[in-house]
Structure formats: structure tokens, C-alpha cells
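What follows is one structure encoded as C-alpha cells, with my remarks underneath.
Reminder, nothing fancy here: chain letters follow the sequence lines and each chain counts from 1.
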Number of protein chains: 2
Amino acid sequence: MPSPLIRKLENFTKLSDDDKLALDKATRQVRVYPAREDIICEGDCPEAVILLIEGWACRCKTLEDGRRQIMAYFVPGDLCDINVFILRQMDHSISTLTPATIALIPRDTMLDLMAQHPRITQALWWSTLVDEATLRAWVVNLGQRSAYERAAHLLCELFYRLRAVGLTNGKSCILPITQGELGDTLGLTIVHTNRMLQDLRRDSLVELRGRHLTILDLDALQKVAMFSPGYLHLEHEGEALDANQRQQT
Amino acid sequence: MPSPLIRKLENFTKLSDDDKLALDKATRQVRVYPAREDIICEGDCPEAVILLIEGWACRCKTLEDGRRQIMAYFVPGDLCDINVFILRQMDHSISTLTPATIALIPRDTMLDLMAQHPRITQALWWSTLVDEATLRAWVVNLGQRSAYERAAHLLCELFYRLRAVGLTNGKSCILPITQGELGDTLGLTIVHTNRMLQDLRRDSLVELRGRHLTILDLDALQKVAMFSPGYLHLEHEGEALDANQRQQT
DNA sequence: CGCCGTGTTGACTATTCTCAACCCAGGTGG
DNA sequence: CCACCTGGGTTGAGAATAGTCAACACGGCG
């Protein structure tokens with residue numbers, strides 16, 4: 001079974017056995033967290049990069065008056081904050097949503113890894129840029145789409161991302177988050193989120209019972225959401241770049 | 001007069017004369033665009049980094065049905081898309097808002113610059129991370145704040161950013177964008193944007209006539225917006241890092 | 001058993017959008 | 001010079017969307 005990180009990075013480019021070994025070695029020390037716990041808090045100065053191995057986590061920010069916005073979901077294989085260790089302190093928190101297993105990759109290990117494995121470096125860059133593109137997609141989602149479209153868009157994105165790391169089963173996947181959390185993501189109240197999800201069910205686009213999500217009609221769902229998966233860059237587009245790199249080095 | 005890029009990067013760290021010379025040299029070839037023109041369109045594959053020297057530009061995305069979301073503003077000194085040249089194609093456009101002067105820094109020049117000037121590289125990283133933090137702040141803005149707070153927050157951010165590149169005059173600055181564009185940024189209709197701006201004026205927080213913005217009471221404006229400028233990382237925090245770097249190299 | 005967290009519902013309110021009109025300044029062409 | 005046009009900005013009235021509050025259902029768990 002490949003680690004989810006390797007599986008994820010190979011969505012972008014082909015890694016050598018040596019690359020994979022180095023990644024495995026760097027992510028061997030793991031730590032377990034319960035659900036709904038901060039891994040890093042706003043104001044902390046992070047010294048290591050967090051790799052999520054199992055479970056779900058999120059990047060979120062709470063305003064002074066308690067309103068909370070989730071700004072990213074992390075699923076197994078995701079690196080939370082590859083880069084923040086350049087900045088002085090976190091302007092948001094990373095919290096678990098479910099019980100989670102993480103590996104902490106110390107700053108220096110990370111730098112070594114990047115110095116010695118150019119393909120890993122490229123893949124990490126790619127991963128950063130995908131994260132940024134995702135964030136932009138969320139800005140569009142929050143700014144321009146209706147509540148119903150917004151919910152549809154989020155479900156599309158999560159389904160694609162889970163599929164890319166092998167966490168789907170046909171049209172289904174586990175979605176271990178509450179409607180409250182979805183609401184904090186979509187900028188909606190919990191009540192309205194609930195109604196939008198019901199509408200999506202009523203329109204036979206999805207089935208959502210307990211933690212189990214089934215996309216009944218992905219095409220139709222994408223259409224109402226105006227979702228196009230391009231921004232997730234899951235099409236192995238690094239292969240050309242990999243060739244480039246050989247020329248340049 | 002220092003170039004706005006150098007001024008901006010020096011918000012983060014001190015550059016040597018040699019660094020500055022290299023930057024000047026790399027940004028000598030300029031190009032002029034009229035207002036409201038695409039510099040790069042969605043779908044294009046960019047081959048150079050765009051440095052905005054004069055005027056305003058934005059990053060924006062238009063949905064199939066015409067709804068548009070502005071995802072970032074660029075003011076003089078800003079680099080639009082330092083990194084996108086890793087990805088295959090743009091998932092959004094970069095457009096001018098006013099007549100603008102830009103420099104195109106070819107991919108290779110950029111790579112050379114980064115290879116030979118570690119402080120520039122650091123500063124560029126910092127700039128990328130600030131862009132990301134800004135995007136996160138926008139997600140929070142769109143997701144959690146009311147229309148009124150959202151408008152206040154945007155004005156705070158723009159004022160701080162303009163001040164950091166020397167484009168303010170006391171409490172005033174030039175804001176060369178229409179209410180329609182503000183609306184596309186805030187996820188509001190033009191009508192509602194107009195009313196929120198009027199409310200901000202009525203509450204004596206800002207004065208906005210023509211292209212001229214005056215912040216009458218910055219503290220109060222920040223308070224209603226729940227704005228804290230930390231995410232812009234304008235506090236010269238790279239100086240410590242600069243020392244670090246000397247140790248490591 | 002009873003409690004708690006999550007999901008669901010209904011009635012009412014607030015916010016935001018839509019549409020349509022009008023104002024005004026600046027630029028253009030006659 | 002004026003008439004006209006255009007692109008912003010502004011206003012009002014009514015409709016649609018989303019929020020609030022309060023209640024209840026249901027399953028898991030101590």
C-alpha cells in the first residue's frame with residue numbers, strides 16, 4: 001500500500017524509488033490526535049510541516065465574535081502549510097475534524113528533502129499551487145454562487161479530491177464532517193446548509209446519510225455547481241515538466 | 001526614487017545594492033496596457049512573470065453565465081503569479097483596471113535571479129505567502145462578514161497595502177476602481193455595494209468621492225471590519241530570517 | 001434511563017438582489 | 001457652442017435568499 005502522500009504527489013509526476021524511500025523515511029514519526037483538536041493554533045510559530053496520514057483536518061480562522069470560517073480541508077496525503085515556516089506566526093489554526101494520524105516533518109528534514117530530490121521539490125511546488133488554486137476556487141464559490149450551487153460545488157471538489165487519493169468507492173465516499181462544519185465552510189448557517197443538502201437530495205443529485213455520501217449524478221451535480229475540475233490539476237501534467245527538468249539539470 | 005518592487009520587497013527584508021541592481025535590470029523592459037484589458041487570459045500558458053509597475057490590475061475569474069469574481073488586486077510593485085509557470089494553464093485571467101505599465105520577467109531570468117540572489121528568493125517567497133494569506137483573509141471576508149463589514153475590511157486592506165508602497169497621502173489615497181468592480185470583489189451587487197459605501201460615509205468612517213478615498217477614522221473602520229493587518233506581514237519580519245540565512249549558507 | 005450532539009422542521013425576520021428609473025460629468029460629433 | 005451619448009453613481013419598491021429562534025427527532029453512550 002503506497003502512502004497517501006506518495007499517491008498524491010504521483011498525481012503530478014512520477015517519483016523514483018529513491019524519492020519514495022526518502023519520503024517514507026521522513027514521515028515515519030507519527031502522532032495521533034483526537035477529533036476536533038488544534039494541531040497548530042493561530043499565533044503559534046510552526047517549526048515543522050504537518051503531513052496528514054489518516055483522518056480529516058482543516059485550516060480555519062475564528063473571528064473575535066466567534067464566527068468561524070473553514071478555509072481548507074485536508075485529507076490523507078495532504079501537507080498542511082508547506083511554507084508557513086517562512087512567516088513569523090500563524091494567522092489561522094489547523095485543527096482535526098476526525099481522529100487523525102499525522103507526521104511532523106521538521107523544517108530541516110524538509111529542506112534536505114527538497115535539496116536532494118528535485119522531483120519531490122517540483123511535486124511539492126505543484127501541491128502548493130493546487131492549494132492556492134483551490135483557495136481561489138473557494139473565493140469564487142463564496143463570492144458568486146448561490147447557497148445551493150455552493151454546496152454542490154463543495155461536494156464535487158471533495159469527491160474529486162478523495163478519488164485522487166483512493167478514498168472513494170465507486171460513486172460513494174465517507175464524508176466525516178457535520179453540517180455545522182459544512183456551514184462554516186460555505187458561509188451559511190447550519191439550518192440553511194441543511195436545507196440546501198436536502199434540496200440536493202430532493203433533486204436526486206446526491207445521497208447523504210450519516211457519514212456516507214453518494215454522488216448519484218456527477219455530471220448533473222457539476223453542471224449545477226458550474227464545477228470544472230481543472231483547478232485541481234489532477235491530470236499528471238508534471239510529466240512534461242519532468243522531462244524539462246532533465247534537460248535543465 | 002526606488003522602484004515599487006524594491007520598496008515592496010524591503011517591507012520584508014533588506015536587499016543589498018547588488019540585489020537591487022539585478023532587480024532593476026530584470027524589470028527594464030516594460031509594456032503599456034490600456035484600462036480593462038486582459039494581460040493573460042484563462043487558458044493561456046504563461047511564460048513570464050508579470051510585474052505591475054504603474055496602475056492597477058486584478059486577478060479575476062468569470063463563470064460561464066457571466067458572473068465575475070475578482071480574487072486579488074495588484075498595485076504597483078506587485079508580482080502577478082510568481083509561480084503559475086509551473087502549472088500548465090491559467091485557471092483565471094489577469095486584467096488591468098486602469099491604464100497600466102508592466103514588466104514581463106521571462107521565466108529564465110526569474111530562475112537566474114532566484115539562483116543568484118538568495119535574499120531576493122526569500123523576499124519573493126514572502127511575497128507569495130502574503131498573497132496566500134490575503135486570499136485566506138478574503139475567504140473569511142466573503143464567508144463570514146456582512147456586506148457592510150466586508151466593504152470596510154476591503155477598504156482597510158487596500159489602504160494598508162497602498163501605504164506600504166507609498167501610494168497614500170496622509171489618510172487619503174487614490175482608489176481608481178468603480179463600484180461595480182468593488183461589487184465583483186465583495187460578492188455583492190453594484191446596488192448593494194453602493195448602499196454599503198454610503199453607510200460607511202454616513203457613519204463618518206470614510207469619505208469617497210470620485211476616485212479619492214479618505215479614511216476618516218482608521219481605528220473605527222478596523223473595528224467594524226474586525227480587520228487586523230497581521231496577515232499582510234508588513235513588519236519587516238524577514239530581518240531575523242535574513243540572519244538565519246547567513247548562518248545556513 | 002437520560003443526556004448530548006447532530007439532523008430536521010416551521011414561522012418569522014433580516015439581508016441582499018432585481019428591476020427600473022434618474023442624475024450627473026465628461027467626451028463626441030454636429 | 002450645444003445636443004447627445006455613455007459610463008458611473010444613486011434611489012425606491014418589491015421579491016428572493018438566507019438568517020434567527022425555538023422546537024423536536026433520533027441514535028449513541030455513560
Side-chain angles (χ1 to χ4, degrees), chain A residues 34-37 56 63 65-70 96-99 141-155 174-203 206-213 224, chain B residues 34-37 56 63 65-70 96-99 141-155 174-203 206-213 224:
Chain A
R36 288 153 211 244
E37 185 123 328
W56 284 50
L63 296 180
D65 63 356
R67 283 179 269 176
R68 182 174 80 140
Q69 177 68 39
I70 293 179
T96 60
L97 292 166
T98 68
N141 209 24
L142 289 166
Q144 298 304 319
R145 279 186 262 258
S146 69
Y148 180 79
E149 297 166 334
R150 230 140 58 181
H153 195 274
L154 180 59
L155 294 183
I174 302 290
L175 198 72
I177 52 185
T178 66
Q179 295 187 359
E181 284 150 356
L182 285 175
D184 286 346
T185 310
L186 298 169
L188 300 173
T189 57
I190 188 169
V191 173
H192 204 60
T193 304
N194 178 275
R195 296 194 164 122
M196 294 304 104
L197 292 174
Q198 286 180 52
D199 288 353
L200 288 171
R201 277 182 294 215
R202 181 203 55 197
D203 299 342
V206 306
E207 217 172 278
L208 187 52
R209 268 201 324 274
R211 314 271 87 132
H212 224 84
L213 168 69
V224 311
Chain B
R36 288 154 211 246
E37 185 125 326
W56 283 50
L63 296 180
D65 64 356
R67 282 178 269 176
R68 183 173 78 138
Q69 176 68 39
I70 294 179
T96 60
L97 292 166
T98 68
N141 210 24
L142 289 166
Q144 298 303 320
R145 278 185 263 258
S146 69
Y148 180 78
E149 296 166 333
R150 241 181 300 188
H153 195 276
L154 180 59
L155 294 183
I174 302 292
L175 198 72
I177 52 185
T178 66
Q179 295 187 358
E181 284 150 356
L182 285 175
D184 286 346
T185 309
L186 298 170
L188 300 173
T189 57
I190 187 168
V191 173
H192 204 61
T193 304
N194 178 276
R195 296 204 234 257
M196 294 304 103
L197 292 174
Q198 284 181 53
D199 287 353
L200 288 171
R201 278 183 294 218
R202 182 204 55 197
D203 299 341
V206 307
E207 216 172 279
L208 186 51
R209 268 200 324 275
R211 314 271 87 131
H212 224 83
L213 169 69
V224 312

Q. Below 3.5 Å, does any donor atom in the side chain of A:R195 face an acceptor in the base of C:dG7, or the other way round?
A. no
Q) Where the side chain of B:N194 is concerned, which of C:dG7, C:dT9, D:dT10 is the nearest nucleotide? A) D:dT10
Q | Rounded interatomic separation in angstrom, taking CZ from B:R67 and P from C:dT16 | A | 17 Å
Q) Side chains of B:E207 and B:L213: closer than 4.5 Å at any heavy-atom pair? A) no
Q) Looking at B:Q69, B:R67, B:R68, which one forms a side chain to side chain donor-acceptor pair (under 3.5 Å) with A:Q144? A) B:Q69
Q) Do B:V206 and B:R201 pass the side-chain contact (heavy atoms from CB on, under 4.5 Å) test, and can you show the C-alpha distance, the side-chain angles, and the key distance before you say yes or no? A) CA-CA 5 Å; B:V206 307; B:R201 278 183 294 218; 4.2 Å; yes
Q) Expressed in angstrom and rounded to an integer, what is the separation of B:L182 atom CG from D:dG8 atom C1'? A) 12 Å
Q. What integer distance in Å separates B:D184:CG from C:dC17:C1'?
A. 14 Å
Q) How close or far is atom P of C:dC17 from atom CE of B:M196, stated in whole angstroms? A) 9 Å
Q: Would you indicate what A:G183 reaches in the nucleic acid, counting non-hydrogen atoms under 4.0 angstrom: base, sugar-phosphate, or nothing?
A: nothing
Q.
Distance check, rounded to the nearest 0.5 Å: B:L154 atom CG versus B:R145 atom CZ?
A. 10.5 Å
Q) For the pair made of CG in A:D199 and P in D:dT17, what is the distance, rounded to whole Å? A) 11 Å
Q.
In the structure I gave you, are the side-chain heavy atoms of A:L182 and A:L197 within less than 4.5 Å of one another anywhere?
A. yes
(Q) With a 4.0 Å cutoff (strictly under), does any side-chain N or O of B:Q198 reach OP1 or OP2 of D:dG9? (A) no
Q: Would you indicate what A:R201 reaches in the nucleic acid, counting non-hydrogen atoms under 4.0 angstrom: base, sugar-phosphate, or nothing?
A: sugar-phosphate
(Q) For B:R209, I'd like to know if atom CZ has over 12 heavy atoms of other residues, nucleotides or ligands within 6.0 Å. (A) no
Q: Scan A:R209 against the nucleic acid and name what it touches under 4.0 Å (heavy atoms): base, sugar-phosphate only, or nothing.
A: nothing
Q: Return the residues of residues 143-154 of chain A meeting this criterion: a heavy atom under 4.0 Å from some atom of DNA chain D. Order them by number, or give none.
A: A:S146, A:A147
Q) Can you check whether A:Q179 has a side-chain N or O nearer than 4.0 Å to OP1 or OP2 of C:dG5? A) no
Q. Quick one: is A:R211 getting a side-chain N or O under 4.0 Å of the D:dG27 phosphate, OP1 or OP2?
A. no
Q. Which part of the nucleic acid, if any, lies within contact of A:L188, taking any heavy atom under 4.0 Å across all strands shown: a base, the sugar-phosphate backbone alone, or nothing?
A. sugar-phosphate
Q: Nearest whole angstrom, please: distance from the C1' of C:dT9 to the CZ of A:R202.
A: 15 Å
Q: Looking at every strand, decide which applies to B:I190 at a 4.0 Å heavy-atom threshold: base, sugar-phosphate, or nothing.
A: nothing
Q. How long is the line joining CD of A:E181 and P of C:dG5, in whole Å?
A. 13 Å
Q: Would you check if the side chain of A:T178 reaches a backbone N or O of A:E181 as a donor-acceptor pair within less than 3.5 Å?
A: yes
**Q.** B:L208 CG - D:dG9 P separation (whole Å)
**A.** 8 Å
Q: Output, in order, the C-alpha distance, side-chain angles, deciding distance and verdict of side-chain contact (heavy atoms from CB on, under 4.5 Å) for B:H212 and B:L175.
A: CA-CA 6 Å; B:H212 224 83; B:L175 198 72; over 6 Å; no
